[in-house]
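First up is the structure itself, then whatever we jot down about it.
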Amino acid sequence: MEPIEGKAYMEQNKRSRGMKERHYWEEWTGRIYTSVCVVFLVAVIVSIVYFVASKGVATFVVNGVSLQEFFFGTKWSPDGEPMSFGALPFITGSFAVTVLAALIASPLSLCAALFMTEIVPKSGKRILQPAIELLSGIPSVVYGFVGLTVIVPLLRDVFGGQGIGILAGCLVLSVMILPTITSIMADALSSLPGGLRESSYALGATRWQTIARVIIPTLLPALLTGIILGMARAFGEALAVQMVIGNAPHIPQSLLESASTLTSVITLSMGNTAMGSVHNNALWSMALVLLLMTFIFVLLVRLLERRNRI
Amino acid sequence: MKAKTTDKIATFVICFFALFIVVLLVGLLGFILARGVSHISFDFLTSAPQTLRAGGGIGPQLFNSVFLLILTLIITIPIGWGAGIYMAQYAKPGKITDFIRLVVEVLSSFPSIVIGLFGLLLIVNTFNFGFSLLSGALALAVFNLPLMVRTTEQAFRAVPKEQKEAGLALGLSKWKIITSILLPAALPSLITGTILAAGRIFGEAAALLFTAGMSTPPLDFTDWNPLHARSPINPMRPAETLAVHIWKVNSEGIAPDSKDIAAGASAVLVLLVLAFNLIARWFGRVVYRRLTAAKRMD
C-alpha cells in the first residue's frame, strides 16, 4: 500500500530529486572553487622557487662561476677583464644593516610593547597603538625619501664624510621594522596568562622584577619571533636602503662608508643587463640567496613557535 | 629599597622610549607633510611630470596608482577570499592543511623585490605581457594574496558557530551556508581587511620596478578605448606609479625642483595611505555599531 498515489507521488518525488541535484551542485561548486584558489597559491610558490632557482643556479652550472668565488670573493667587476663575481660585499652589507637595524629597533620595540601592556594598558593602547599602526602604513619609498633628506645630511654634519652608508641604511630600516616587532611583542605580552603576573606581584615583586624575571623569560621565544620577523623584513627591503646606502661594490671599513646590499644591487643592475648574460645570472643568484634567507627566517620562526607552545 | 629604585628607573626608561616612538612618529609625519603639503596644488596633482624643466606634476602617476590598485583588487579578491574560505570552512586539520599554512606563511615573507623579479621572468618575458599594468597587477596580487587569505580566514572563523549550525539545521548545503549566511556576517571585517591591503598595494614599489615599468607613455585622457596605446585605461601599457615615481625622482631626478616633487609626491602618498587606514577603521566602527545595535533590537 502506498501512502500517496499516482500523480501527486511523482510530483513530490521529482521535486525532491531536483532539490538533491541542486544541493549536490552547490556543494561541489563551492568545494572546487575554493580548492582551485588554494591550488593556485601552491602553484605560485612552486613556480617562484623554480624560476628563481633555475636562473640563480645557472651562474654556477652554465657560466662556471665557482660557489667559492660567489660567496667569498670580494671583487665584483662584471665588466672587468677578467670578470669576477664576488658577492661577499653585498652579502656582508645585507647582514650588517639587518643585524644593526634589529639591534636598534628591538630594545625600543620591547619598551613600547611593555609600555602598552604592563605600565599603562589603557592610555598606552590609545596613544601608542595607533602611532605604531600609522608607522607601519608609511610606504618604504617615503622612508627612503625621509632618510635621504633628514638622516643623510644629519650624519654628514655630525660625522663628516658623505653621510650615506651602512649607518644611514640601518637607521632607516630600524624605524621601518619598529612597528612589526612592536606589534608582535605586544600581542605576545597581552596573551600571557594572568596568573603568572599576579602571583609575582603577590610575592611582593616590583613591576620591574616581574617584567625582567617572570614575563620576559616566559615569553622569550615569542619576543624573539618578533625580532626575527623584523629582520626578515629588513633583509628583503630594497628601495629605502638603496636610496641611502650609497651602493659602492666593496666591503666598507666603517659604518659611514658607502656600501651595498643584495637588494640594492639587484634593484640598480637588473634593468641594465641582458637576460642570460653572466652578470644577469649572478644577480639572479643573489635573488636566490634572498629566497633561501626567507626560508631560513620562516624556519627560525617555526622553531621558536614550537618552543613557545610549552 | 633597592628593588624599588630599580623599578622606578626601569619604568622611567620604558616610558621614555615609548614616548620617543610617539615623538618619532609625530616628527616623521610632521616632516613629510610640512615639507610636501605646500607643494601640492591642483596643477601638481593633474599635470604630467617634466624630466628637465621645473614644474612637473604627478597626474599620470596618481592615475596609474589608482588604476593599478583597482586591477589588483579585481584579481586578488576572488582568489584570496576563495582560498581563505577554504582554510576556514573546508580544510581539515592534517598534513595538507599544515602545508598550505606554510605556503601562505612563506609567500607572505618573500621580499617584494623577489616577487618583482619572478614577475619579470614569468609574466613580462615568458607570458610576453611586457612592462604593463596587467603584469604589475599580477605581481602585486601575488604579493598581497597571503595577507588576504589570512584576513579572510580570520573573518570567517569569527562568525559565531550557531549561525552555521542554524543553516545546517535548515538542511542547506555547505556552499549555500557560506555564501548566504557566513559571507554577509564576515563581510564587514573582509572589507576592512581589503581596505588595509589596498593601502599596502598603494605604497608598494619594489615589485613594480620590473613589472609595471618605470615610465608612462604620454596619455590622452580623452581616449577611453582600452585597446588604444595612449588610452589611460589600456591595461597593456607600461605605467609608473606614484611610489615608483618618488623612488625615481629621488635617485635619478635631474629636474631642478626634483626635491620638491619628491616631497610633494611623498606627502600625497602618505595622505592617501593614511586615508585608507582611517576609512578602514571608520568603516569597521560603523559596521560594528550597526551590528551591535541590531542585536539590541532583537
Side-chain angles (χ1 to χ4, degrees), chain A residues 23 26-27 29-31 33-35 37-38 40-42 44-45 47-48 51-52 55 108 111-112 114-115 119 124 127-128 131 133-135 137-142 144-146 148-150 175 178 206-209 232 235-236 238-239 243 263 266-267 270 275 287 290-291 294-295 297-298, chain B residues 3-4 6-7 10-11 13-15 17-18 21-22 24-25 28-29 31-32 35 79 82-83 85-86 90 100 103-107 109-114 117-118 121-122 125 142 145 149 173-176 178 199 203-206 209-210 243 246-247 250-251 262 266 269-270 273-274 277:
Chain A
H23 226 96
E26 272 176 5
E27 199 58 69
T29 38
R31 201 166 270 276
Y33 169 62
T34 54
S35 308
C37 294
V38 169
F40 177 78
L41 280 185
V42 177
V44 163
I45 204 161
S47 54
I48 290 178
F51 278 102
V52 175
K55 274 277 190 182
L108 279 175
C111 286
L114 286 171
F115 183 79
I119 297 187
I127 304 167
L128 208 55
E133 276 168 25
L134 288 182
L135 266 182
I138 297 177
S140 66
V141 280
V142 176
F145 161 72
V146 174
L148 209 55
T149 41
V150 180
V175 184
L178 200 73
T206 61
R207 183 159 54 201
W208 174 244
Q209 281 170 332
F235 200 84
L239 302 187
M243 285 156 96
T263 49
I266 296 174
T267 311
M270 191 55 95
M275 273 278 172
L290 284 176
L291 209 64
T294 311
F295 284 119
F297 283 127
V298 170
Chain B
K4 276 200 173 146
T6 330
D7 183 51
T11 308
V13 169
I14 292 172
C15 292
F17 281 120
I21 292 178
V22 176
L24 194 71
L25 172 82
L28 201 65
L29 279 184
F31 172 79
I32 295 165
R35 183 79 180 71
I79 302 174
I85 290 172
Y86 180 88
Y90 290 103
I100 299 168
V103 164
V104 173
E105 195 181 330
V106 171
L107 204 55
S109 345
F110 275 157
S112 66
I113 188 165
V114 170
L117 291 175
F118 165 71
L121 201 55
L122 186 71
N125 290 337
V142 171
L145 268 174
V149 174
S173 71
K174 200 166 187 182
W175 183 241
K176 192 80 186 167
I178 290 170
E204 177 52 36
L209 292 183
F210 308 117
I246 294 172
W247 176 74
N250 267 316
S251 32
S266 296
L269 188 60
V270 166
V273 171
L274 287 187
N277 273 290

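All values below were derived from every heavy atom in this structure, side-chain atoms included, with hydrogens, water molecules and symmetry-related copies excluded. Protein chains get the first letters and strands the later ones, always in sequence-line order, with residue 1 at the start of each.
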Compare every heavy atom of [Y] with every heavy atom of [X], then report the nearest pair and how far apart it is.
{"X": "B:S109", "Y": "A:T294", "result": "O-CG2, 3.3 Å"}
{"X": "B:A206", "Y": "A:L239", "result": "N-CD1, 3.6 Å"}
{"X": "A:P139", "Y": "B:V273", "result": "CG-CG2, 4.0 Å"}

Heavy-atom distance under 4.5 Å between the side chains of A:R31 and B:W175, does that happen here?
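Answer no - side chains too far apart.
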Is any side-chain heavy atom of B:P111 closer than 4.5 Å to a side-chain heavy atom of A:T263?
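Contact flag for B:P111/A:T263 side chains = no.
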When heavy-atom pairs shorter than 4.5 Å are enumerated against chain A, which of [options] gives the highest number?
{"options": "B:I113, B:I100, B:V114, B:L121", "result": "B:L121"}
{"options": "B:V270, B:I246, B:V22, B:I21", "result": "B:I21"}
{"options": "B:L29, B:I32, B:I85, B:L117", "result": "B:L117"}

Within the distance-only criterion (no hydrogens, no angle test), does the side chain of A:E27 pair as donor or acceptor with the backbone N or O of B:K174 below 3.5 angstrom?
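Present.
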Of the backbone (N, CA, C, O) and the side chain (C-beta and beyond), which part of [X] lies under 4.5 Å from a heavy atom of chain A, both, or neither?
{"X": "B:F110", "answer": "both"}
{"X": "B:V106", "answer": "both"}
{"X": "B:L107", "answer": "both"}
{"X": "B:L274", "answer": "side chain"}
{"X": "B:I178", "answer": "neither"}
{"X": "B:V103", "answer": "both"}

Relative to chain B, which of [options] shows the most heavy atom pairs under 4.5 Å?
{"options": "A:V298, A:L148, A:I45", "result": "A:I45"}
{"options": "A:L178, A:I127, A:V52", "result": "A:L178"}
{"options": "A:I48, A:T206, A:L135", "result": "A:I48"}

Given side chain to side chain contact (heavy atoms under 4.5 Å, CB included), test B:N277 with A:E133 step by step and report yes or no.
CA-CA 9 Å; B:N277 273 290; A:E133 276 168 25; 5.8 Å; no
Would you please test B:W247 and A:T267 for side chain to side chain contact (heavy atoms under 4.5 Å, CB included) and show each step?
CA-CA 11 Å; B:W247 176 74; A:T267 311; 3.7 Å; yes
Going through the distances and angles, do A:L114 and B:F17 end up as a side chain to side chain contact (heavy atoms under 4.5 Å, CB included)?
CA-CA 10 Å; A:L114 286 171; B:F17 281 120; over 6 Å; no
Heavy-atom distance under 4.5 Å to chain B: side chain of [X], backbone, both or neither?
{"X": "A:A287", "result": "both"}
{"X": "A:T34", "result": "both"}
{"X": "A:F235", "result": "neither"}
{"X": "A:F40", "result": "side chain"}

Going by side chain to side chain contact (heavy atoms under 4.5 Å, CB included), name the residues that satisfy it together with B:L122, two or more places apart in sequence or in a different chain.
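Expected list: A:F51, B:F118, B:T126, B:F127.
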Quick one: side chain to side chain contact (heavy atoms under 4.5 Å, CB included) partners of B:T11, sequence neighbours excluded?
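Only A:I119, A:R207, B:D7, B:C15 meet the side chain to side chain contact (heavy atoms under 4.5 Å, CB included) criterion with B:T11.
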Quick one: pull up [atom1] in [X] and [atom2] in [Y] and give me the separation to the nearest 0.5 Å.
{"X": "B:S266", "Y": "A:I138", "atom1": "OG", "atom2": "CD1", "answer": "10.5 Å"}
{"X": "B:R35", "Y": "A:T149", "atom1": "CZ", "atom2": "OG1", "answer": "6.5 Å"}
{"X": "B:L28", "Y": "A:L134", "atom1": "CG", "atom2": "CG", "answer": "10.5 Å"}

Pair B:Y86-A:C37, side chain to side chain contact (heavy atoms under 4.5 Å, CB included): steps then yes or no:
CA-CA 8 Å; B:Y86 180 88; A:C37 294; over 6 Å; no
